[in-house]
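Worksheet for the structure shown next.
Quick note on labels: first sequence line is chain A, next is B, and so on, each numbered from 1.
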Protein chains: 2
Amino acid sequence: MTLFQEHGYDRTTVEDIAARAGLTERTFFRYFTDKKEVLFGGSEVIHECLVTTITEAPQGTTPLDAVAAALEAMAPFFKDRRDHSRARQALLVAHAELRERELIKLASMASAAAETLRKRGVTEPAASLAAEAGIAVFKVAFERWLEDPKAQDYSRHLQLGLEELRALTASTETKSPRPPAKPARARGKP
Amino acid sequence: MTLFQEHGYDRTTVEDIAARAGLTERTFFRYFTDKKEVLFGGSEVIHECLVTTITEAPQGTTPLDAVAAALEAMAPFFKDRRDHSRARQALLVAHAELRERELIKLASMASAAAETLRKRGVTEPAASLAAEAGIAVFKVAFERWLEDPKAQDYSRHLQLGLEELRALTASTETKSPRPPAKPARARGKP
DNA sequence: AGGAGTGATGTCAGCAACTGACATCAAGGG
DNA sequence: CCCTTGATGTCAGTTGCTGACATCACTCCT
């Protein structure tokens with residue numbers, strides 16, 4: 001990260017990174033499949049957290065709720081790391097290749113979530129959809145968390161995202177007006 | 001595509017591709033930023049279709065419905081190309097780098113959709129969420145379309161996906177039982 | 001007609017990411 | 001004390017990709 005920030009991502013060669021770590025370029029590639037991959041360490045831990053949280057969700061939990069719980073369970077990984085996350089995000093924004101990698105990590109989390117749901121007996125189009133929708137909420141919530149001037153919690157943004165998603169999908173299921181559970185803020189199209 | 005299928009993706013060098021097209025490697029890179037990019041031609045057209053469809057959605061259309069209409073509008077691009085799409089998908093499945101590229105294309109479509117929604121007056125968390133959720137539905141529907149043994153329409157799968165998403169998100173918004181609009185098939189957790 | 005500009009292509013040299021094959025070396029176990 | 005094993009280094013080679021410059025055709029202007 002320091003190297004990338006000092007000299008920029010592509011003007012930092014793998015040899016540079018390896019040298020900084022006291023290693024050879026070759027050895028670097030034994031630990032990381034990619035130059036990009038250095039920025040994605042610890043993603044396995046999150047992955048695992050996701051899976052176990054869904055697995056251990058109480059019987060009768062809705063698929064989407066199980067996924068939501070898993071996203072919630074990832075909060076500790078981000079807590080107190082907002083600055084670091086922001087710096088990282090800046091790199092992603094500046095380099096498409098890194099964004100690509102991030103996206104495939106998220107996608108693999110989605111498919112892991114879907115599979116875990118299936119193991120819980122959720123049938124197919126539902127499992128994948130719950131997983132993908134969950135990840136969609138995560139993406140938006142995470143980004144908003146990073147940018148939030150009021151610096152509200154990651155958890156808070158998750159919650160808001162889910163709420164909003166529910167509002168969005170509910171809006172035309174039936175033409176009859178729904179009574180809002182809480183007094184609703186201004187939303188989308190009036 | 002033929003080259004990739006005959007000799008495999010990574011044993012096909014850019015020089016090979018260029019030669020097959022009667023060009024130089026250098027010239028190839030003037031048309032495509034990447035080796036990967038050859039597989040993603042025409043994505044701009046789809047992109048544009050998406051944007052205009054959302055823009056031209058009738059006043060008062062729900063954000064998610066606007067996105068859904070856009071996904072629907074892409075049907076002609078896939079119609080009668082199931083075999084081709086499948087061959088392509090096989091390549092994606094076999095090569096993570098290609099999947100990465102696909103994902104970033106989808107993500108860029110999502111953000112284009114979000115921006116278009118914003119231009120229609122949709123406020124922020126809603127716009128991004130509708131867009132991302134829509135893309136999530138697309139991903140699942142597209143994949144299921146490719147694999148469907150009954151070879152049902154792409155449009156049909158879209159429709160099913162949306163329906164399922166609505167069912168998923170509606171299920172715990174309020175604890176009171178909802179009357180299902182149609183007699184419901186077996187769904188997720190009983 | 002002729003020359004100047006313009007855009008598409010080719011040529012060449014070079015860097016950096018990544019890989020395979022083999023050598024080296026330290027730690028631990030029989 | 002030697003032998004195995006795993007981690008690291010060395011080296012050479014391939015390929016994706018870029019910058020600088022040359023070439024060529026085509027058009028436009030006088």
Side-chain angles (χ1 to χ4, degrees), chain A residues 1-45 47-48 84 87-108, chain B residues 1-45 47-48 84 87-108:
Chain A
M1 276 286 293
T2 32
L3 281 178
F4 288 159
Q5 283 170 338
E6 280 171 21
H7 314 118
Y9 176 75
D10 22 50
R11 279 188 313 178
T12 309
T13 138
V14 172
E15 199 177 350
D16 294 342
I17 307 175
R20 169 67 65 97
L23 293 175
T24 324
E25 191 187 347
R26 193 61 181 94
T27 321
F28 173 94
F29 281 112
R30 287 197 254 256
Y31 282 84
F32 303 96
T33 62
D34 246 5
K35 176 179 173 183
K36 308 162 204 157
E37 199 67 12
V38 256
L39 284 167
F40 296 86
S43 86
E44 323 79 23
V45 204
H47 196 101
E48 193 192 326
H84 174 270
R88 209 187 90 116
Q89 195 76 358
L91 277 176
L92 298 206
V93 168
H95 299 274
E97 354 157 27
L98 296 176
R99 240 173 307 141
E100 288 184 340
R101 181 57 50 87
E102 172 95 338
L103 288 171
I104 213 178
K105 296 282 180 188
L106 289 175
S108 97
Chain B
M1 276 285 293
T2 32
L3 281 178
F4 289 160
Q5 282 169 336
E6 280 172 21
H7 314 118
Y9 176 75
D10 22 50
R11 278 188 313 179
T12 310
T13 133
V14 173
E15 198 176 351
D16 294 341
I17 307 176
R20 169 68 66 97
L23 292 175
T24 324
E25 191 187 345
R26 193 59 181 94
T27 320
F28 173 94
F29 282 112
R30 288 197 252 257
Y31 282 85
F32 303 95
T33 63
D34 246 7
K35 176 179 173 184
K36 308 162 206 159
E37 200 68 13
V38 257
L39 284 167
F40 296 86
S43 87
E44 324 79 23
V45 204
H47 196 101
E48 193 192 326
H84 173 270
R88 208 187 92 116
Q89 194 76 359
L91 277 176
L92 298 206
V93 168
H95 299 275
E97 356 156 25
L98 296 176
R99 239 173 308 141
E100 287 184 341
R101 182 57 50 87
E102 172 96 336
L103 288 171
I104 213 179
K105 295 281 180 188
L106 290 175
S108 98

### Task
Using a 4.0 Å heavy-atom cut-off across all strands, classify B/F28 as base, sugar-phosphate, or nothing.
nothing

### Message
Minimum heavy-atom separation for A/V14 and A/E25, please, with both atom names.
### Response
CG1-CG, 3.7 Å

### Spacing of CZ belonging to B/R101 relative to CD1 belonging to A/I104, to within rounding of 0.5 Å
11.5 Å

### Side chain proximity check, A/M1 to A/L39, heavy atoms < 4.5 angstrom
yes

### Query
Could you state the CZ-P distance from A/F29 to D/dA7, rounded to the nearest angstrom?
19 Å

### Task
Report the distance from atom CD of A/E15 to atom C1' of D/dG9, rounded to the nearest whole Å.
13 Å

### Task
Check whether any side-chain nitrogen or oxygen of B/T13 sits under 4.0 Å from OP1 or OP2 of D/dT15, and answer yes or no.
no

#### Entry: Face-on cation placement of B/R88 at B/F40 ring, 6.0 Å and 45° thresholds
yes

### Query
OP1 or OP2 of D/dT8 less than 4.0 angstrom from a side-chain nitrogen or oxygen of A/T27, does that happen here?
no

### Length of the NZ-C1' vector between A/K35 and D/dC17, whole Å
13 Å

### Query
When the distance from CD of A/E97 to C1' of D/dG16 is rounded to whole Å, what number comes out?
12 Å

### Message
From CZ of A/R30 over to P of C/dA17, roughly how many Å is that when rounded to an integer?
### Response
17 Å

### Query
Does A/Y31 have a side-chain nitrogen or oxygen under 4.0 Å from the phosphate oxygens OP1 or OP2 of D/dT8?
yes

#### Entry: Nucleotide D/dC21, atom P - distance to CZ of B/R26 in whole Å
14 Å

### Message
Output the rounded distance in Å from CG (B/D34) to C1' (C/dA17).
### Response
14 Å

### Query
What's the CZ-P distance between A/R11 and D/dT18, to the nearest Å?
16 Å

